[in-house]
**Q** 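Below: one structure in structure tokens.
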Amino acid sequence: MSITRKWSSQQQKAREILIRLKRLYPDATCSLTYDSPVQLLAATILSAQCTDERVNKVTPELFSRYPDAPAMAAAPLEELETLVRSTGFYRNKAKNIKGSCQKIVQDFDGKVPKTMEQLLTLPGVARKTANVVLAHGFGINMGVTVDTHVKRLSKRLGLTKSDNPIQVERDLMRLLPQPDWENWSIRLIYHGRAVCRARKPDCDRCSLVDLCDFVNS
DNA sequence: ATCCCGAGGG
DNA sequence: CCCTCTGGAT
């Protein structure tokens, strides 16, 4: 009943979940389309409260017209707003893409910074976006990407009690070895989209039911 | 009516 | 803590 014993049982549970999800989604990768770190940054900003599928419908035209940081930094705001409109929050997203690229050009020699601290200085970039860019753009695992799916599934599975993404990330970092941090996020996102949906979770088809606090409560 | 790989401001 | 930003899909 010691606290350490409870932690290791939660660690075993997390690892068992990840083993099953790796078997279920062996080829899961970041589902945003991009050709460079700055394109990944822009696509990730666009992915806020929007499906990746929708993001991938606007980025080909966006990146065709404005392929790199200098181009996006110099792009007319109205053009960017029109191009990203269908992803929602389009004024904020256009302004943040332009603003981040301006800062990248002015302060970071035109290259997307590779540290959490520097990424967080970019407008429209907080931990979720920074974690995605670091993990998939540079192969650097600074934390666990916690989006709406990762938060929902981690809570349903009983691995966190918090609704605060920062606290959820701390809980997951404690339960998983660092090399698996991004594996966890990617697989939970896939499973969250396909099975453990927000509205109608398909518990009958879920291979994690025996480990889940949500269905067993 | 609710949710989608959030972030910033009050 | 709360609220706002926003269109598209279900």
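Sequence lines set the chain letters: A, B, ... in the order given, protein chains first and strands last, and positions in each chain run from 1. Below, all heavy atoms of this structure are taken into account, side chains as well, without hydrogens, waters or symmetry copies.
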**Q** Take A:Gly88 and A:Arg54, find for each the nucleotide of DNA chain C with the closest heavy atom, and name the residue whose nucleotide sits nearer the 5' end.
**A**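 Counting from the 5' end, the first nearest nucleotide belongs to A:Gly88.
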**Q** If you look at every strand shown and take non-hydrogen atoms under 4.0 Å, does A:Ser31 touch a base, only sugar-phosphate, or nothing?
**A**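 Counting heavy atoms under 4.0 Å across all strands, the contact made by A:Ser31 includes a base.
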**Q** In whole angstrom, what separates A:Lys128's NZ from B:dG8's P?
**A**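 It is 13 Å, rounded to the nearest whole Å.
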**Q** Suppose you measure atom P in B:dG10 against the same atom in C:dT6; what distance do you get, rounded to whole Å?
**A**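 So the two P atoms sit 16 Å from each other.
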**Q** CD1 of A:Ile97 versus C1' of B:dG6: gap in Å, rounded?
**A**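 So the two atoms are 13 Å apart, to the nearest Å.
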**Q** When the distance from CG of A:Asn92 to C1' of B:dG6 is rounded to whole Å, what number comes out?
**A**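 Atom-to-atom, A:Asn92 to B:dG6, this comes out as 10 Å.
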**Q** Contact class for A:Arg85 (heavy atom, under 4.0 Å): base, sugar-phosphate, or nothing?
**A**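 If one applies the 4.0 Å heavy-atom cut-off, A:Arg85 turns out to touch the sugar-phosphate alone, with no base involved.
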**Q** Can you check the A:Arg152 CZ to B:dC5 P distance for me, whole Å?
**A**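 Rounded to the whole Å, the gap is 9 Å.
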**Q** Does A:Ile104 belong to the same Ile/Leu/Val/Met/Phe/Trp/Tyr cluster as A:Leu120, with side-chain heavy atoms less than 4.5 Å apart forming each link?
**A**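 Result: yes, single cluster for both.
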**Q** Decide whether A:Val150 and A:Leu24 are clustered together by the hydrophobic rule: side chain heavy atoms of Ile, Leu, Val, Met, Phe, Trp, Tyr closer than 4.5 Å, transitively.
**A**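 Looking at the clustering, A:Leu24 is in the same group as A:Val150.
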**Q** Rounded to whole Å, please give me the gap between CG in A:Asp147 and C1' in B:dC4.
**A**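 Taking CG of A:Asp147 and C1' of B:dC4, I get 9 Å after rounding.
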**Q** Tell me which of A:Asn96 and A:Arg193 sits closer to the 5' end of DNA chain B, going by the nucleotide each one is nearest to.
**A**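 Residue closer to the 5' terminus by nearest nucleotide: A:Arg193.
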**Q** On DNA chain C, which is the earliest and which the latest nucleotide, 5' to 3', with an atom closer than 4.0 Å to a heavy atom of chain A?
**A**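 That gives a stretch of C:dC5 to C:dT10.
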**Q** Between B:dC3 atom C1' and A:Leu153 atom CG, what is the distance in whole Å?
**A**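 Answer to the nearest Å: 14 Å.
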**Q** Closest heavy-atom contact between A:Ala42 and A:Phe63?
**A**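 Closest pair (atom of A:Ala42, atom of A:Phe63, distance): CB-CE2, 3.9 Å.
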**Q** Side chains of A:Lys128 and A:Ser47: is there a donor and an acceptor less than 3.5 Å apart?
**A**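 A pair is found: one side chain offers a donor N or O, the other an acceptor, under 3.5 Å apart.
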**Q** Tell me: NZ of A:Lys95 to P of B:dG6, nearest whole Å?
**A**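 For the pair A:Lys95 NZ and B:dG6 P, the rounded distance is 19 Å.
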**Q** Measure from NZ on A:Lys98 to P on B:dA7 and round the result to the nearest Å.
**A**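 Between P of B:dA7 and NZ of A:Lys98: 21 Å.
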**Q** Any side-chain N or O of A:Ser47 under 4.0 Å from OP1/OP2 of B:dG6?
**A**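 It does not, given that no N or O in the side chain of A:Ser47 lies less than 4.0 Å from OP1 or OP2 of B:dG6.
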**Q** C:dC3 and B:dT2: how far apart are their P atoms, nearest whole angstrom?
**A**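 Per the computed distance, 15 Å lies between those P atoms.
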**Q** Mind running salt bridge (Lys or Arg N to Asp or Glu O under 4.0 Å) on A:Arg91 and A:Glu81 for me, showing each step along the way?
**A** CA-CA 6 Å; A:Arg91 293 190 195 90; A:Glu81 289 180 354; 5.2 Å; no
**Q** Tell me what A:Val125 touches on the nucleic acid: a base, only sugar-phosphate, or nothing, going by heavy atoms under 4.0 Å.
**A**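 Sugar-phosphate contact only.
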**Q** Using the C1' atom as the reference point in each nucleotide, state the distance between B:dA7 and C:dA9 in Å, no decimals.
**A**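 My reading of the C1' atoms in B:dA7 and C:dA9 gives 23 Å.
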**Q** Tell me which nucleotide among B:dC4, B:dA7, B:dC5 gets nearest to the side chain of A:Thr129.
**A**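 Of B:dC4, B:dA7, B:dC5, B:dA7 is nearest to the side chain of A:Thr129.
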**Q** Does a donor on one side chain sit under 3.5 Å from an acceptor on the other, for A:Ser31 and A:Arg193?
**A**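 Their side chains do contain a donor-acceptor pair, which is all the 3.5 Å distance test asks for.
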**Q** Applying side chain to side chain donor-acceptor pair (under 3.5 Å), name anything that partners A:Lys114, two or more places apart in sequence or on another chain.
**A**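 Not a single residue meets the side chain to side chain donor-acceptor pair (under 3.5 Å) criterion with A:Lys114.
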**Q** Students often get this wrong, so: under 4.0 angstrom with heavy atoms, is A:Ser86 touching a base, only sugar-phosphate, or nothing?
**A**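 Sugar-phosphate contact only - A:Ser86 comes under 4.0 Å of backbone atoms but never of a base.
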**Q** For the residue pair A:Gln12 and A:Arg15, confirm or rule out a side-chain donor-acceptor distance under 3.5 Å.
**A**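 Short answer, no.
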**Q** Sticking with atom P, work out how far B:dG8 lies from C:dG8, rounded to a whole angstrom.
**A**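 Per the computed distance, 24 Å lies between those P atoms.
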**Q** Can you tell me how far C1' in B:dC4 sits from the matching atom in C:dC5, rounded to whole Å?
**A**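 The answer is 14 Å between these two C1' atoms.
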**Q** Report which part of the nucleic acid A:Ile45 touches: base, sugar-phosphate, or nothing (heavy-atom distance under 4.0 Å, all strands).
**A**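 The residue A:Ile45 makes no contact with any strand.
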**Q** Taking only the side-chain heavy atoms of A:Ile186 (C-beta and beyond), determine which of B:dG6, B:dA7, B:dC5 contains the nearest atom.
**A**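 The nucleotide sitting nearest to the side chain is B:dC5.
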**Q** Could you check A:Thr29 against A:Pro123 and say which one's nearest nucleotide on DNA chain B is further toward the 5' end?
**A**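 Taking each residue's closest nucleotide, the earlier one in sequence belongs to A:Thr29.
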